[in-house]
Amino acid sequence: MRTAISKLTLLQPASLQEALRMLDEEGPLRPLAGCTDVYVEVNFGTATQTRFLNLWGLPQLRYVRRENGILRIGALATFTDLIRSREIQEEAPMLVAASREIGGVQIQNRGTLAGNIANASPAGDSLPVLAALEAIVVLESRQGQRRIPFHRFYTGYRQSVIRPDELIVAVELPRTEGVQWFRKVGTRAAQAISKVVMAAVRSDPPRLALGSVAPTVIRLPRTEACLARGGSMTEAQEILTKEIQPIDDLRSTAAYRRLVCANLLARFWTDTHA
Amino acid sequence: MRFRLNGQQRELEVHPMKRLLDALREDLGLIGTKEGCGEGECGSCTVLVDGEPVCSCLLPVAQVEGAEVITIEGLGGEHPLQRAFVEEGGAQCGICTPGMIMAALALGPNPTEAEIREGLAGNLCRCTGYTAIIRAVQKA
């Protein structure tokens, strides 16, 4: 481990209220849930923070439950929790599909949905699912709660509206009609960061979300509108390739990503045809 | 801090952000758990925490407070999985083997090949080509 551990401080709240007070009075603090992203940085000496807040001791944040017709996922719910949840299997099957392709079992057992959101990678596997399901991110501070629609949560590459005194306490999934579809394209099913990841819902209008093709996860409103008005697949694919901004990087090229996205759109449309 | 390790209550005075992997190897002398990549990709540091396989290189020791931790040493050397890995050639250089066995322990009884492949997808082996590992798990 390349980070000098003696320079790190870990605060260990016994309640959510204490965690929020610590964030407010003793910050800046980086919250720790399952540590599957943060400890990679700590191990390689690239973590810029030295003060951390351990949330793992707050089991009241670990739940998946149905409340007034919506699914509410607590901040400490792991990907394994989501895979095993009957409610998620029934109402958000593509979130189960995405969770099963995140890392391996070891990562799924610790990594959390809220952590995937907070890490804010444009390649986060669960993020297109949340965009397509029009999730709400519930933030809490000592001033109270804010409920942020997912499409307004990110403001740029690895940037979001979350304030230093706020925690993600839950994610809400409204009920979604239509057939859900998820596909991750990477070098291997497990343990691979995606080249492209797509989540979609065959509803009227259809919903399309893509990861790894822009600075943040994106919805494709113009492509969605084209399909909704009965446009041809060729026309929709042309619009899609203009609606994304993929780059060349060590995982793939912009040209390949454009081609794969267009192919995924056609595959989604065929697979979900009634 | 306190936790149960291989069936025994242990107390440890270490920095709360020390990796469980380092606490096991340096402070508790249990060097069966290996470090491979240090970033959660290879699975060679896999241990069970409350029965679930996790990467001990990504885990601050503070997060196992009150938990039950099982390492390869907890299997005692004559566990059916350990014997099957020897008999089937599931171990060659041996670095991935403790992690493979710990991940395989969490599979249910009589797993199918697909279940084994998914359950061990987070464990990389550069020697065996996996075939002998899967045969060993099926045999155990």
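Sequence lines set the chain letters: A, B, ... in the order given, protein chains first and strands last, and positions in each chain run from 1.
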Which of A/Leu55, A/Leu32, A/Leu10 passes side chain to side chain contact (heavy atoms under 4.5 Å, CB included) with B/Gln63? It is A/Leu32
Matching residue for A/Gln106 among B/Leu58, B/Asn123, B/Val47 - test: side chain to side chain contact (heavy atoms under 4.5 Å, CB included):
B/Asn123
Sort out for me which of B/Ala106, B/Cys42, B/Gly43, B/Ala62 touches chain A most, counting heavy-atom pairs under 4.5 Å.
B/Ala62
Under 4.5 Å to a heavy atom of chain B? For A/Glu41 that would be neither
Would you say A/Asn109's side chain and B/Val54's backbone share a donor-acceptor pair under 3.5 angstrom?
no
Answer with side chain, backbone, both or neither: which region of B/Leu120 has an atom nearer than 4.5 Å to a non-hydrogen atom of chain A?
neither
Rounded distance [0.5 Å steps], SG in A/Cys35 versus CE in B/Met17
7.0 Å
Between B/Glu39 and A/Asn43, does any side-chain donor sit less than 3.5 Å from a side-chain acceptor?
no
Is any NZ, NE, NH1 or NH2 atom of the basic residue among B/Glu52 and A/Arg110 found under 4.0 Å from an Asp or Glu carboxylate oxygen of the other?
no
Interchain contact, B/Glu35 with chain A, by part (heavy-atom threshold 4.5 Å):
neither
Return yes when atom CZ of B/Arg2 has more than 12 non-hydrogen atoms of other residues, nucleotides or ligands closer than 6.0 Å, and no otherwise.
no
Using non-hydrogen atoms only, which part of A/Ile107 is less than 4.5 Å away from chain B: side chain, backbone, both, or neither?
side chain
For B/Gln9, is the CD atom crowded, meaning more than 12 foreign heavy atoms sit under 6.0 Å from it?
yes
For B/Arg4, I'd like to know if atom CZ has over 12 heavy atoms of other residues, nucleotides or ligands within 6.0 Å.
yes
Counting only heavy atoms closer than 4.5 Å, note whether B/Ala103 contacts chain A via side chain, backbone, both or neither.
side chain
Please check if the side chain of B/His15 supplies one atom and the backbone of A/Ile5 the other of a donor-acceptor pair under 3.5 Å.
yes
Looking only at B/Gly119, B/Gly38, B/Cys37, most heavy-atom pairs under 4.5 Å shared with chain A are made by B/Gly38
Are the side chains of B/Cys57 and A/Tyr39 in contact, using a 4.5 Å heavy-atom criterion?
no
